[in-house]
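The structure appears right after this line, and notes come after that.
The chains referred to below are lettered A, B, ... by the order of the sequence lines, with proteins before strands, and numbering in each begins at 1. Here the structure is a predicted model, which means the values were calculated and not measured.
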There are 2 protein chains.
Amino acid sequence: MSEQRWLPPIYWDGDAVAIVDQRVLPHKEKTLRCTSPRQVVTAIKNMAIRGAPAVGIAGAMALSLGASSMKAADTQTFKRKFVRLCRQVRTARPTGNNLGWAVEKVYSVVVENPGADVPELIELIRRRVDEILAEDVAANVAIGNHGKEVIPCGARVLTYCNAGALATGDYGTAVGVIRAAFAADPSVQVYACETRPFLQGARLTAYELAQAGIPVTVITDNSVGSLMKQGAIDVVVVGADRIAANGDTANKIGTYTVAVLARTHDIPFYVAAPRSTIDPTLPDGDGIPIEQRDPKEVTHFHGRPVTPADVPALNPAFDVTPHRYITGIITEVGILKKPFGKAVRKAMEL
Amino acid sequence: MSEQRWLPPIYWDGDAVAIVDQRVLPHKEKTLRCTSPRQVVTAIKNMAIRGAPAVGIAGAMALSLGASSMKAADTQTFKRKFVRLCRQVRTARPTGNNLGWAVEKVYSVVVENPGADVPELIELIRRRVDEILAEDVAANVAIGNHGKEVIPCGARVLTYCNAGALATGDYGTAVGVIRAAFAADPSVQVYACETRPFLQGARLTAYELAQAGIPVTVITDNSVGSLMKQGAIDVVVVGADRIAANGDTANKIGTYTVAVLARTHDIPFYVAAPRSTIDPTLPDGDGIPIEQRDPKEVTHFHGRPVTPADVPALNPAFDVTPHRYITGIITEVGILKKPFGKAVRKAMEL
């Protein structure tokens, strides 16, 4: 029996897009069958699917779904409608880079094939989307292979949120590094931060690692400092939602806190992400848009209120870790090191 | 109508000890009526009452309750049984200093009154317990008065866990400082960290501050770093469970992380606590026992599991913040400053 015992987070189910509903994992395995781009966009917005690379793939599949069912008598009409669809899909969530990158990559099919008719465009778009998915999985495996080199023998690895198979096409970025490290050294073990408020660590990372037979212990986000002070963490590996040209990295809210703690305790702090997460148009992290989500995700749990009714809450979904806190950025083309500006430029040219 | 709209967390209800059940606040106001010391000890263990000073008071009241109903024909029997009761009560929770301090203070009644008969001892014990309660409230008001001086005009104050009326006899330590600062300057506002897993911040601090009309916003513990980086926090005030002779401070898990972040962002970090929290017998924080609680408090929410069933979790209830991260310790006799060793010694001699 292979290590992989679950379906990938998103896949074609005939002509529909099947999305594993990550809001109810690990206790329910429910799949959403999306037959319209709007349904996929809703699944992105309400976090049935999340994780920047997975959201990029979902966006791409939404475009293919939309293209196939588009009522267009001629190429001009098709293109006009498709541009509008691209615009709708790319704004589903603002912080992750991969969604805009994937939409751009799918849209370029139309630009690159001026002579194609509508059925040809639909076919070419579908092929491009399948390439994006396959390349993401391949990138994650390559990230794992590069990344395993920075995981010391017997390491106790801290990871944050879920940068696993569920956050990508499959395999995972940070979790991919852990998978590869564990395959080479079964004494590797993991601390997964629960990651409030959506609990991606407690629910999703714990689930994936347990499925893969990798020892994992869940901790509250607020116990990271204490564990590090006790010398219980050897290395940190996290994912990313958007990386600026200078290496500044947006990731799940709380990542910056973990990075500061890692620096204070002299623990290496790695970001693992495919190049589709890198936004070379942004000079630094100040320009990364930070999504503010509904405070109810903080104030309520399974629909039940936690806080007093009249007290407000903040719910920023991401924060930015300045590049100076990052030891290395593990990509599919190798580990980028300081100075990140130069390394990022070089990686994007490959 | 006075600011105080709720009952104190613990009080005499005739011959019983009434404890406001903090596990169900703010949505239910339920009071436990304890008629035996064992019931009080259970309420301490299961966190129906929590907060080091409140736990100390509860322990003291449990002793008075036990003394009153003790079957003892003579003083010798009474003393022997009372020593045993003291031992049971003081081990209810290990980290906070105030419980052991209060038990010691009540027990000393027996030592100081060798000629008293049983009814006299019972009466003297009850009087001592009432003194402990009254002195704690007075200490908190004094802490508020000293502490308000370190809260800048219009400050955005970050506090952690609940160091409020509910954690003490009344008024609160860190929350007492906030109350006093707000009374002097109504432009003061508060960020309350939700404080996983028991959510004392989201449930209790938010409740108390809202009741007092003090603007409060709940944030997840993992968003502290991001808020500080944005310049949104001016000062941190937290409570304490045990303070060693050198100023090292045990407080709710996550306090150390907040202290590291405050240092990184050059934000003053204050601890507010009565002298009953200081343990002059411990040279530093290494000797403070850290309670490990049931992992179910992390893995479950309202009885429903969050994590996969087979994944372990850690649930340390406290961490230790080294004195070098602390700007000052606000006590009822003034604000202790560095070097803390000398300041603590002097404060304990007053």
Side-chain angles (χ1 to χ4, degrees), chain A residues 25-27 160 191-197 199 202-203 206-207 209-211 215-229 252-261 263-265 290 295 298-299 301-302 304-316 318-320 322, chain B residues 25-27 160 191-197 199 202-203 206-207 209-211 215-229 252-261 263-265 290 295 298-299 301-302 304-316 318-320 322:
Chain A
L25 282 176
H27 300 292
Y160 195 78
Y191 287 100
C193 297
E194 61 173 6
T195 318
R196 284 282 294 148
L199 299 167
R203 297 189 300 108
Y207 169 73
L209 292 174
Q211 290 269 14
V216 56
T217 302
V218 170
I219 59 170
T220 54
D221 305 330
N222 57 19
S223 54
V224 173
S226 173
L227 270 182
M228 286 184 173
K229 184 150 74 83
K252 181 51 53 198
I253 182 74
T255 304
Y256 169 62
T257 287
V258 174
V260 168
L261 289 166
R263 167 61 50 89
T264 300
H265 298 91
I290 299 297
V298 173
T299 58
F301 197 93
H302 282 313
R304 282 177 69 168
V306 170
T307 54
D310 48 352
V311 171
L314 299 182
N315 188 15
F318 304 94
D319 61 24
V320 175
Chain B
L25 281 177
H27 301 291
Y160 195 78
Y191 287 100
C193 298
E194 61 174 5
T195 317
R196 284 282 295 149
L199 299 168
R203 298 189 300 107
Y207 169 73
L209 292 174
Q211 290 270 14
V216 56
T217 302
V218 170
I219 59 170
T220 55
D221 304 332
N222 56 19
S223 54
V224 174
S226 172
L227 269 183
M228 285 183 173
K229 184 150 75 83
K252 181 51 53 196
I253 183 74
T255 304
Y256 170 62
T257 287
V258 175
V260 167
L261 290 166
R263 167 62 49 89
T264 299
H265 298 90
I290 300 296
V298 172
T299 58
F301 196 92
H302 282 312
R304 282 176 67 169
V306 170
T307 54
D310 47 353
V311 170
L314 300 183
N315 188 16
F318 304 94
D319 62 23
V320 175

Can any side-chain N or O of B/Y160 pair as donor or acceptor with the backbone N or O of B/I253 at less than 3.5 Å? yes
What residue in [options] has the most heavy-atom pairs under 4.5 Å with chain A?
{"options": "B/T217, B/T255, B/V258, B/N315", "answer": "B/T217"}
{"options": "B/G254, B/A259, B/P308", "answer": "B/P308"}
{"options": "B/R263, B/K252, B/H265", "answer": "B/H265"}
{"options": "B/P197, B/P312, B/S226, B/C193", "answer": "B/P312"}

Would you indicate whether the side-chain heavy atoms of [Y] and [X] approach each other to under 4.5 Å?
{"X": "B/V298", "Y": "B/L314", "answer": "no"}
{"X": "B/I290", "Y": "B/V320", "answer": "yes"}
{"X": "A/L227", "Y": "A/I219", "answer": "yes"}
{"X": "A/H302", "Y": "B/F301", "answer": "no"}
{"X": "A/T299", "Y": "B/V218", "answer": "no"}
{"X": "B/T257", "Y": "B/V224", "answer": "no"}

Considering only heavy atoms, which portion of A/T264 lies under 4.5 Å from any heavy atom of chain B: side chain, backbone, both, or neither? side chain
Under 4.5 Å from any heavy atom of chain B - which part of A/R304: side chain
Can you tell me which portion of [X] sits under 4.5 Å from chain A's heavy atoms? Options are side chain, backbone, both or neither.
{"X": "B/N222", "result": "both"}
{"X": "B/L25", "result": "neither"}
{"X": "B/L199", "result": "side chain"}
{"X": "B/P322", "result": "side chain"}

Output the option from A/H27, A/R203, A/E194 having the highest count of non-hydrogen pairs under 4.5 Å with chain B. A/H27
Residue pair A/T220 / A/S223, side-chain donor-acceptor N/O under 3.5 Å: yes
